[in-house]
Asker: 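Dropping a structure here in structure tokens format, bear with me for questions.
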Amino acid sequence: MGTAQAKAGRREWIGLAVLVMVTLIISMDMTVLSYALPFITADLEPTSSQLLWITDVYAFVLAGLLIPMGTLGDRIGRRRLLMIGAAVFGAASVATALSTSPGMLIGTRAVMGAAGATLMPSTMSLIRNMFHDENERRAAIGLWAAGFSAGGVIGLVAGGALLQYFSWGTVFEINVPIMVLLLILAPLLLPEFRDPAAGRFDLLSTVLAFVAVLPTIWGIKQFAEHGADWPPVAGVVGGLVFLAVFVWRQRRLADPVIDVRLFRAPAFSAAVVMNVLANFALVGFMFFISQYLQLVLGLRPFTAGLWSLPAAAAAGVGAAVLAPVLAQRFRRAYVAAGGLLVGAAGCLVLAQVGDEVGLTQVVVGQALMTGGVAMVLTLSAELIVSTAPPERAGAAAGLSETGSQLGAALGVAILGSIGTFVYRQRLSGTAPDGVSADSWATARETLGGAVEESRTLTTAAADTLVALARAAFAAELRAAAVVAAGILLVTAVLAAVQLRNVGASVPGQDTSGGQGGPVTPAAAARPPADGSAAPDTDAATVDAAPVPVDTVPVGTVVEGADPAGAAPGPEVRIGPPTAAPAGTRPAHPVA
């Protein structure tokens, strides 16, 4: 029978609070810039191209480096990489706040993105090492996901509040106290972990991962903003080519950055796909919400941010409360599909907004959507990190976050393109009386353009133009909401089918004495490949408890081990069926 896992103590839970704060800051930095852009434009006078890079370079660099940095943490130590990243992130935040030119601001934002790529997978993979009990780990990942989900909304509110009283640089300076706190508390609260038998860090794979992810996401976002053109198409095609080369290389390396054979495990592959599609619907549709609140309903930015707080609260409840509690009682398939159905219901509520009245639908629909999707993001993160071998948790966490970034970019691009088509179709007629052809052409591009053009017209013509544009945008939002609901419904079916054999216990992590012993890294039982001394105590003991002879072999994942006694589902082995001889490392963890 399986062995019970040790419970976390006060040190681990306080350490989790520090990790959640870091995650919150990373998420806030993706949105806090939104309200600062007008102030930055007035101060630094960037060109339109520079303004685009100021907005996007952080997310581009972060997405491109998530997988390599997660793998690097597995090799040099996850706590060490977290502290290096925190120091760089804090210093880059100060430099960003003090930027005196657009080029300097772009460069410092890029450095922040690179540092953020070290922080995100490190926080998630450290949770894998700090919480050995399945239920506690699920709750911890739920809190982590709640911090990330709420960070985007809090960034909007915090940015709006700071900019009312201080300069635009303060939206970056708020990062510094959290990073300093992390550097002080990390050695006291967080364990160190590294793969004691890791091979050399493959620099070529790191470059391939970066040039596969970055141009793909750049091309998708460019397509959403400027339509079909050869640069974004070339970016996507080039990224996919490099992705194919990256996968080809990983299949042939003895110590790959990402072992692509992990996707043979249905729970792992389903979790990655759920992560991408859930972020597709959530982030892609959030693109419309802020515009609707400000440009259709006429709310000020800070007020619009306040009306988004219920959605942040719902995300916290879904990720930190509902997902952990329900996953203890029901199969993952039911919980994930249920969360996705709640999210789809929220989209259908949002599909009822009107041209002039719709605040109630936005608040209720957004809360349902974010709460339901947050449940799914918690479950997918837990499955990805827990199903992968412990010594690969950093790389798996990087893959999870890369999927989130890719899904978000696809959502903005595809839903944005659908919305733009609907908007232009609604304004396809001739220009109203008093509106010039040039003003009408600008108004047909975006709602923001219509509002700007209305300021140059007479009162009657301006009112007519804005009313038509607002009605067209409301139709755009309704169409995007229906498409997002469809995506979530398809994902719910996928979750129900792909996770049907995964019981209420994480695969391979049953703590109730049923099928599936604890997953332990085979590498932890053998000396490092280079023949050096054994790792330090923290690294050697994390997730390296001995496996009794009557349990499942090391690394085995048994899906469908139902505590109620139901027959287990198909078995997927992650890791060798028996302990590897000392000094050797299997070519692939999945057999």
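Keep in mind it's a predicted model, so treat the numbers as computed, not measured.
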Asker: What I'd like to find out is whether the side chain of Phe280 reaches to under 4.5 Å of the side chain of Leu415, using heavy atoms alone.
Answerer: yes

Asker: Counting distance only, does the side-chain N/O of Arg470 pair as donor-acceptor with the main-chain N or O of Ala467 below 3.5 Å?
Answerer: no

Asker: Looking at every heavy atom in both Arg138 and Pro324, which two are closest together, and how far apart are they?
Answerer: CD-CA, 3.4 Å

Asker: Do the non-hydrogen side-chain atoms of Asp355 and Val296 ever get within less than 4.5 Å of each other?
Answerer: no

Asker: Give me the atom names and distance for the closest heavy-atom approach of Ala323 to Leu379.
Answerer: O-CD2, 4.4 Å

Asker: Between Ile174 and Val171, what is the shortest heavy-atom contact and its length?
Answerer: CG1-O, 3.5 Å

Asker: Quick one, Met69 and Met120 - any side-chain contact, counting heavy atoms below 4.5 Å?
Answerer: no

Asker: State the CD-CH2 distance between Glu453 and Trp440, to the nearest 0.5 angstrom.
Answerer: 12.0 Å

Asker: Could you check whether any side-chain N or O of Thr170 sits under 3.5 Å from a backbone N or O of Phe166, counting only pairs where one atom can act as donor and the other as acceptor?
Answerer: no

Asker: Within the structure provided, determine whether Trp168 and Ser99 are in side-chain contact (heavy-atom separation under 4.5 Å).
Answerer: yes

Asker: For Ser439 and Ser436, test the side chains for any donor-to-acceptor distance below 3.5 angstrom and give the result as yes or no.
Answerer: yes

Asker: Using 30° and 60° as the class limits, which term best fits the ring planes of Phe473 and Phe288: parallel, tilted or perpendicular?
Answerer: tilted

Asker: When rounded to the nearest 0.5 angstrom, what distance separates CD1 in Ile384 from CD in Glu382?
Answerer: 10.5 Å

Asker: Can Leu488 and Leu277 be said to form a side-chain contact (heavy atoms from CB on, under 4.5 Å), step by step?
Answerer: CA-CA 7 Å; Leu488 292 177; Leu277 293 180; over 6 Å; no

Asker: Please report the closest heavy-atom contact between Ala320 and Ala146, naming both atoms and the distance.
Answerer: CB-CB, 4.2 Å

Asker: Under 3.5 Å, which donor-acceptor pairs link side chains of residues 361-372 to any protein atom two or more places apart or in another chain?
Answerer:
unit_1	atom_1	unit_2	atom_2	d
Thr370	OG1	Ala311	O	3.0
Thr370	OG1	Gln366	O	2.8
Thr370	OG1	Ala367	O	3.3

Asker: Test side-chain contact (heavy atoms from CB on, under 4.5 Å) on Ser93 and Met179; report intermediate values, then the result.
Answerer: CA-CA 10 Å; Ser93 297; Met179 295 301 115; 5.9 Å; no

Asker: Strictly below 4.0 Å, N to O, side chains only: are Glu476 and Arg426 in salt-bridge contact?
Answerer: no

Asker: Counting C-beta onward and ignoring hydrogens, is there a side-chain heavy-atom pair between Val451 and Leu465 closer than 4.5 Å?
Answerer: no

Asker: Locate the shortest heavy-atom distance separating Ala479 from Val422; write the atom from each residue and the value.
Answerer: CB-CG2, 3.8 Å

Asker: So Val435 and Pro432, do their side chains get closer than 4.5 Å, heavy atoms only?
Answerer: yes

Asker: Side chains of Asn275 and Val376: does their closest heavy-atom pair fall under 4.5 Å?
Answerer: no

Asker: Does the side-chain contact (heavy atoms from CB on, under 4.5 Å) test come out yes or no for Leu293 and Leu359, once each step is laid out?
Answerer: CA-CA 8 Å; Leu293 290 175; Leu359 183 59; 3.8 Å; yes

Asker: Which distance, rounded to the nearest 0.5 Å, do you find between the CD1 of Ile418 and the CZ of Phe421?
Answerer: 10.0 Å

Asker: CG of Leu66 to CG of Leu119: how many Å apart, nearest 0.5 Å?
Answerer: 10.0 Å

Asker: Within the distance-only criterion (no hydrogens, no angle test), does the side chain of Arg478 pair as donor or acceptor with the backbone N or O of Val353 below 3.5 angstrom?
Answerer: yes

Asker: Can you tell if the side chain of Ile127 reaches within under 4.5 Å of the side chain of Leu19, non-hydrogen atoms only?
Answerer: yes

Asker: Within this structure, what is the CZ-CG distance for the pair Phe89 and Asn175, rounded to the nearest 0.5 Å?
Answerer: 4.5 Å

Asker: Provide the closest heavy-atom pair for Gln498 versus Ser269 in the form atom of the first, atom of the second, distance.
Answerer: NE2-OG, 4.3 Å

Asker: Within the side chain of Gln352, is there an N or O that forms a donor-acceptor pair under 3.5 Å with the backbone of Leu348?
Answerer: yes

Asker: Enumerate the salt bridge (Lys or Arg N to Asp or Glu O under 4.0 Å) contacts for residues 271-287, please, sequence neighbours excluded, ordered by first and then second residue.
Answerer: none

Asker: Roughly how far, to the nearest 0.5 Å, is the OG atom of Ser380 from the CZ atom of Arg332?
Answerer: 11.5 Å

Asker: Within a radius of less than 6.0 Å around CZ of Phe242, do more than 12 heavy atoms belonging to other residues, nucleotides or ligands occur?
Answerer: no

Asker: Does Arg444 use its side chain to pair, donor to acceptor, with the backbone of Arg424 at less than 3.5 Å?
Answerer: yes

Asker: Between Leu340 and Leu489, is the side-chain contact (heavy atoms from CB on, under 4.5 Å) condition met? List the steps.
Answerer: CA-CA 7 Å; Leu340 290 163; Leu489 288 174; over 6 Å; no

